[in-house]
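Reading through the structure tokens given below for one structure.
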Amino acid sequence: MAEEKLTTRAEDFSEWYNQLVIRADLADYAPVRGCMVVKPYGWALWENITSWLDKEFKATGHVNAAFPTLIPMSFFEKEKDHVEGFAPELAVVTHGGGQELEEKLAVRPTSETIIGHMYSKWVKSWRDLPILIVQWGSVLRWELRTKLFLRTAEFYWHEGHTAHSSEEEAKEEMYRILDIYERFCLEEAAVPVFKGTKSDTERFAGAQITTSIEAMMWDKRALQSGTSHYFGDNFAKAFEIQYLDKNNKLTFAQTTSWAISSRIIGAMIMVHGDDHGLVMPPRLAPIQAVVVPIFKSDEEKAKVMEVADRIFAELKAAGVRVKFDDRDNVSSGFKFNDWEMRGVPVRVEIGPKDVEKGTVALARRDRPGKEGKTFVPQTNLDSTVKGLLDEIQASLLKRATEYRDSNIHNVATYDELKEVVKDGWAFSYWCESRECESKVKEETKATTRNIPFDQPKEEGACVVCGKPSKRKVYFAKAY
RNA sequence: CGGGGCGUGGCGCAGUCCGGCUAGCGCGCUUGCUUUGGGAGCAAGAGGCCGUAGGUUCGAAUCCUAUCGCCCCGACCA
């Protein structure tokens, strides 16, 4: 390590993040501007994320498929809002095989168009519906300002694309997926989120309804962590996805799409990370526990290694994702800091004293340094460690939820709102007009995050214009 | 796209204003010995077309011209 200390979050949150992603070995900068290399440790984390989601999608009847990376440019012109939304960030292939192409090809920024095109071929009868397809892959958007995981030109995700025979069914699908996303964030990532509906201006290009889950980062900025859209028949009309219904009537299908991207890794970093480095939620951590042997002489080494080996094998057999750090070119002190930087939830230290006493030192990552260290018996260590992993998982969610809730303020006046969004979120009534929304954005840089499903019963007055308003919305500065 | 900064061993930099010997420093890397309960020490090594292309000059990392790239700050986005 070139520099030993990480920039602290309070000093410079953005710099803390940049250093951490590199030093925790999650990713590296690629030679192409705005692109990243996801390193094995980062990819292992992503695999844990994807395998949980994949399992849930399959359990709810979805199947995986793959569509091409290249999309004919003309496809983007078929849906007006969609083309306006994505035109600025398209990368376009103009040459192939040394020849200029007759029709330019866009590198997919998302796949609604090409999938819509295919669905129109596949959907002829009501019996062909629903179609519930998920594509796992990467997409490319020509971003001007990038940041590892949070916003890169190419990013990894899944995009679900479904087609249904009724509005109700399509909307149900949208909400069903959002519920899966919420469960993922709470149960796996330990990141609390609000489910809600996006405002008209924040809606996905081409959608009728966009729902999202919104999370608060340590710096109190909001991060949209997943989205689920209902398109109505917008894309069906643009791509002629039509079928004969039970009454032999030609009908447009109802479609949805939804996604969680590798950005969620950025959310986990910014919610749980501390000034010592990354903090991985145990359920997603590629390495849940690391065994660090400590010794001086060769005699000590022999004794310690024997016990450490045995404990490593026991934990592994018990299903813990465990690593044995037997490097002999770095000191144990270095290893402690190294694994803390990488966010491994539990560290098992075994030294000569432990061998004598039949103990190990257990250090929990959510309480860094010596404070989180306790000495426990070697017997039943597997269940001790598993119990501690569960405890850490729960504690991370609790801590993040308390932090979030303590930084959200109900506001009734515009002055209050302006003050609150400087360093937190405002929750207030809003008349849902574009004017009031853009006024807030221009004057405070805060945007509407979402109108949560979970709403107070009574009505109120818009925080900006005072008109009667049915629903409350979160205002916050966002990534 | 507008504003600011920077390109010199793997990484971080000094040297550039005022041209001059074999281009330095820290970290990392390699080897050896001693170390190891919170980021080890000593010794010996390896590693650089100074972003690129022209030009000025006896001589260019340094001066001139062009060009490429990167980072940071502002308008859009998962």
Side-chain angles (χ1 to χ4, degrees), chain A residues 1-6 12 14-15 18-19 22-23 28-35 84-90 109-110 138-147 149-159 181 198 201-205 210 212-215 222-229 257-267 276-277 292-298 300-301 304-305 325-341 347-357 359-361 363 368-373 375 441-442 445 447 478-479:
Chain A
M1 301 282 141
E3 60 232 291
E4 294 181 351
K5 283 267 187 291
L6 192 62
D12 184 342
S14 178
E15 181 59 24
N18 289 338
Q19 288 180 9
I22 299 296
R23 292 179 62 184
D28 202 352
Y29 291 98
V32 177
R33 175 191 164 72
C35 292
E84 282 173 14
F86 283 102
E89 43 189 12
L90 281 187
T110 179
S138 69
V139 289
L140 193 76
R141 298 180 187 177
W142 210 258
E143 298 291 348
L144 301 177
R145 292 195 60 191
T146 59
K147 204 171 179 73
F149 289 114
L150 282 185
R151 186 179 299 109
T152 47
E154 184 182 22
F155 59 89
Y156 299 88
W157 73 349
H158 65 262
E159 42 181 324
Y181 288 170
K198 285 293 205 181
T201 52
E202 298 281 330
R203 215 193 298 127
F204 179 80
T210 287
S212 73
I213 46 172
E214 304 281 336
L223 186 78
Q224 178 173 311
S225 304
T227 49
S228 185
H229 317 287
S257 85
W258 26 273
I260 276 185
S261 74
S262 42
R263 166 182 257 196
I264 196 74
I265 292 175
H276 299 262
V292 180
I294 299 156
F295 49 82
K296 290 194 178 97
S297 61
D298 280 351
E300 279 181 356
K301 180 177 180 179
V304 166
M305 287 306 242
D325 187 353
D326 59 356
R327 287 178 291 179
D328 58 5
N329 60 331
V330 291
S331 68
S332 46
F334 180 90
K335 291 177 184 177
F336 299 162
N337 288 286
D338 195 31
W339 293 114
E340 270 171 15
M341 184 67 74
R347 192 173 61 244
V348 183
E349 303 169 14
I350 303 162
K353 291 174 202 161
D354 295 305
V355 173
E356 278 174 33
K357 294 185 202 157
T359 60
V360 301
K370 287 174 182 168
E371 299 76 44
K373 207 182 276 199
F375 289 85
K441 186 174 179 179
E442 276 165 32
K445 301 219 166 142
T447 51
Y479 276 96

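Here is how names work: the chains are called A, B, and so on, in the same order as the sequence lines, proteins then strands, and each is numbered from 1. As the structure is a computational prediction, the values presented were derived from the model and not from experiment.
For A:K373 and B:rG38, a side-chain-to-base donor-acceptor distance below 3.5 Å is present, hydrogens and geometry of angles not being considered. Evaluation of atom-type donor-acceptor distances gives a pair under 3.5 Å for the side chain of A:R151 against the base of B:rC77. One can find a donor-acceptor pair under 3.5 Å joining the base of B:rG37 and the side-chain atoms of A:D354.
Shown here are the salt bridge (Lys or Arg N to Asp or Glu O under 4.0 Å) partners of A:K373, two or more places apart in sequence or in another chain: A:E349. When the salt bridge (Lys or Arg N to Asp or Glu O under 4.0 Å) test is applied to A:K198, the partners found at least two apart in sequence or on another chain are A:E214.
The interatomic distance linking A:K335 (NZ) with B:rG38 (P) rounds to 13 Å, in whole Å. Atom CZ of A:F155 is separated from atom C1' of B:rC77 by 9 Å (rounded to the nearest Å). A:W142 has its CH2 atom 15 Å from the C1' atom of B:rC77, to the nearest Å.
Note on A:S331: every side-chain N or O is 4.0 Å or more away from OP1 and OP2 of B:rU36. Note on A:K370: a side-chain N or O is less than 4.0 Å away from OP1 or OP2 of B:rG38. Contact check, A:K441 against B:rA75: no side-chain N or O comes under 4.0 Å of OP1 or OP2.
Ranking B:rC72, B:rG37, B:rG39 by closeness to the A:D338 side chain, first place goes to B:rG39.
Nucleic acid contact for A:I264: none, since no nucleic acid atom lies under 4.0 Å from a heavy atom of the residue.
Relative ring orientation between A:W258 and A:Y181 is described as perpendicular, the plane-to-plane angle rising above 60° on a 0-90° scale split at 30° and 60°.
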